[in-house]
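Notes to accompany the following structure.
We use all heavy atoms of the structure for the numbers below, so side chains are in, but hydrogens, waters and symmetry mates are not.
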Amino acid sequence: MKLVMVVLMMIILLHDHNYGVNGDSQPQVPCLYIFGDSLSDNGNNNKLPTLSKANYKPYEIDFSNPNANYAISPTGRFTNGRTTIDIIGQLLGFDDFIPPFANTTGYDIVKGVNYASGGCGILPESGKYLGECISLDKQIDNHQITISKIKNKTKNDYLKKCLYHITIGNNDYLQNYLLPTIYNTSHLFTPQQFAELLIQKYEDQVLRLYSNSSARKVALVGLGQLGSTPAVIALYGINGITKVNQKVQLFNQNLISLVHKLNTKFSDAKFIYVNNYGIQSGDLSSLGLTNVSESCCETNNIGLCIPSSTTCDNRTSYVFWDEFHTTETLNKFTANRSYTSLHASDNYPIDIKHLAQLQF
């Protein structure tokens with residue numbers, strides 16, 4: 001197994017060396033639309049009245065932008081470098097990073113927009129105790145604003161070729177269900193009931209994208225091992241890791257069922273499940289990730305990096321950047337296995353690379 005991981009890391013480094021060198025070649029999809037939370041946010045929260053923002057150092061201390069005119073870092077990414085979807089976008093052949101909705105202008109919207117918002121969730125109330133955030137419902141509203149500006153008569157045919165990538169649900173647990181002193185959801189719903197509640201709401205949101213936005217290639221990213229984050233360990237202790245991860249897996253199991261349901265119902269679309277939980281499981285030491293439980297930066301009382309604080313000496317050896325978000329090292333690993341499956345369980349029923357190749 002370790003040999004396989006070492007070989008995979010060499011492939012990742014080779015991929016990484018060739019990022020942004022497509023020249024005049026076209027990306028594998030004409031546009032990429034990104035929805036989600038702080039794992040994907042690249043600046044949408046910067047001007048919001050919220051504590052959930054990352055537009056200050058040491059965030060993005062290792063960030064390298066191939067387009068120097070795009071923005072000066074830190075742009076608002078909740079990591080030390082690129083996010084997973086940044087890297088997936090590069091693997092798809094995009095030379096520039098997909099811009100945040102807050103900063104989009106003119107022709108930007110045709111190649112894609114990032115609507116993700118740190119702290120937000122499937123439920124509109126999730127994360128709101130930290131301040132304003134853009135829930136998934138509102139992100140979909142913003143997408144309607146975007147596509148209304150695309151005046152091409154063949155707009156729907158164009159959108160059907162685009163990739164829709166959604167990473168959501170983390171804050172419905174981290175900033176809702178797992179905070180019983182702030183939210184009452186854990187008193188009202190069993191873990192199974194809450195997972196079903198989220199999936200029912202999520203299904204309605206995905207169907208809005210299918211019906212109103214011609215979304216036909218849709219990647220739905222499952223939750224990672226939230227019980228293993230430094231924030232949850234600090235809150236629930238080592239004994240809480242398994243219990244929290246079991247709750248997360250209930251959501252993931254229901255999400256897999258939703259993907260199967262949607263693919264059965266719609267022959268003119270393909271929905272896939274990206275198994276972040278499985279991809280990030282196991283021994284990561286062969287990737288050089290030897291610290292799996294501590295944050296690399298000094299953190300404040302809500303688990304984010306303290307402005308201008310010092311960081312760990314070897315940033316490439318840490319799984320977590322702050323108490324919630326992973327480092328670019330793990331993001332590279334996750335992105336590569338999301339794009340091209342190493343194991344059959346990494347993506348269901350196909351990986352992002354093959355999703356991008358489909359024609360509708």
Side-chain angles (χ1 to χ4, degrees), residues 12-47 53-55 59-118 134 139 142-143 145-147 149-150 152 155 158-159 161-167 213 215 217 219 221 327-329 331-332 334-336 338-340 352-353 355-357:
I12 290 173
L13 292 173
L14 187 60
H15 269 309
D16 199 48
H17 181 71
N18 288 292
Y19 284 154
V21 295
N22 296 296
D24 296 327
S25 64
Q26 294 296 312
Q28 295 158 36
V29 288
C31 44
L32 173 60
Y33 291 112
I34 302 162
F35 304 80
D37 51 34
S38 56
L39 295 181
S40 300
D41 190 352
N42 63 346
N44 286 309
N45 272 25
N46 289 353
K47 296 181 181 179
K53 58 180 64 181
N55 57 341
Y59 285 106
E60 295 181 55
I61 193 171
D62 300 308
F63 183 68
S64 177
N65 196 336
N67 182 359
N69 295 322
Y70 169 73
I72 298 173
S73 64
T75 61
R77 290 168 167 83
F78 290 76
T79 183
N80 61 307
R82 291 166 295 171
T83 64
T84 299
I85 190 57
D86 281 334
I87 299 166
I88 289 173
Q90 292 177 309
L91 289 168
L92 287 166
F94 289 93
D95 289 327
D96 300 329
F97 296 117
I98 302 300
F101 178 75
N103 296 351
T104 50
T105 57
Y107 193 73
D108 283 342
I109 63 174
V110 179
K111 71 174 182 180
V113 177
N114 186 327
Y115 304 95
S117 174
I134 309 168
Q139 292 179 37
N142 288 341
H143 183 55
I145 295 171
T146 295
I147 63 176
K149 297 177 181 178
I150 302 175
N152 193 319
K155 175 173 63 178
Y158 179 77
L159 292 171
K161 300 175 183 177
C162 302
L163 180 68
Y164 285 71
H165 186 277
I166 313 176
T167 304
S213 306
K217 302 179 183 181
V221 180
T327 60
E328 185 183 72
T329 300
N331 293 344
K332 289 180 190 177
T334 304
N336 275 272
S338 302
Y339 179 72
T340 306
I352 289 176
K353 178 180 179 180
L355 178 65
Q357 294 171 353

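Under the rule for a side chain to side chain contact (heavy atoms under 4.5 Å, CB included), the partners of A356 that lie at least two apart in sequence or sit in another chain are Q28, V29, L92. By the ring-ring contact (aromatic ring centres under 6.0 Å, His included) test, Y115 pairs with F35, F101, H143, sequence neighbours left out. In this structure N114 satisfies the side chain to side chain donor-acceptor pair (under 3.5 Å) test together with N42, sequence neighbours excluded. In this structure Q139 satisfies the side chain to side chain donor-acceptor pair (under 3.5 Å) test with no other residue, sequence neighbours excluded. For F78, the ring-ring contact (aromatic ring centres under 6.0 Å, His included) partners at least two apart in sequence or on another chain are H325. Taking the side chain to side chain donor-acceptor pair (under 3.5 Å) definition, one finds that S213 meets it with Q144, sequence neighbours left out. The side chain to side chain contact (heavy atoms under 4.5 Å, CB included) test applied to K47 returns no partner, not counting sequence neighbours. Scanning for side chain to side chain contact (heavy atoms under 4.5 Å, CB included) contacts around S40 gives I34, I85, A116, T167, with sequence neighbours left out. I61 pairs by the side chain to side chain contact (heavy atoms under 4.5 Å, CB included) definition with N80, R315, W321, not counting sequence neighbours.
Minimum interatomic distance between P74 and A54 (heavy atoms only, all atoms of both residues): CB-O, 4.1 Å. Here the closest non-hydrogen pair linking C162 and P30 is SG-CG, 4.3 Å.
Put simply, CZ on R82 and OG1 on T327 are 11.5 Å apart, with the number rounded to the nearest 0.5 Å. Rounding to the nearest 0.5 Å places CG of N336 at 10.5 Å from CD1 of I352.
Applying the salt bridge (Lys or Arg N to Asp or Glu O under 4.0 Å) test to residues at least two apart or on different chains, the pairs with a partner in residues 83-93 are R77-D86.
With hydrogens and angles disregarded, a donor-acceptor distance shorter than 3.5 Å links the side chain of N46 to the backbone of T75.
Looking only at side-chain heavy atoms (C-beta outward), Y339 and I87 stay at 4.5 Å or farther from each other.
Side-chain atoms of S117 and N45 form a donor-acceptor pair, as typed in the model, at a separation below 3.5 Å.
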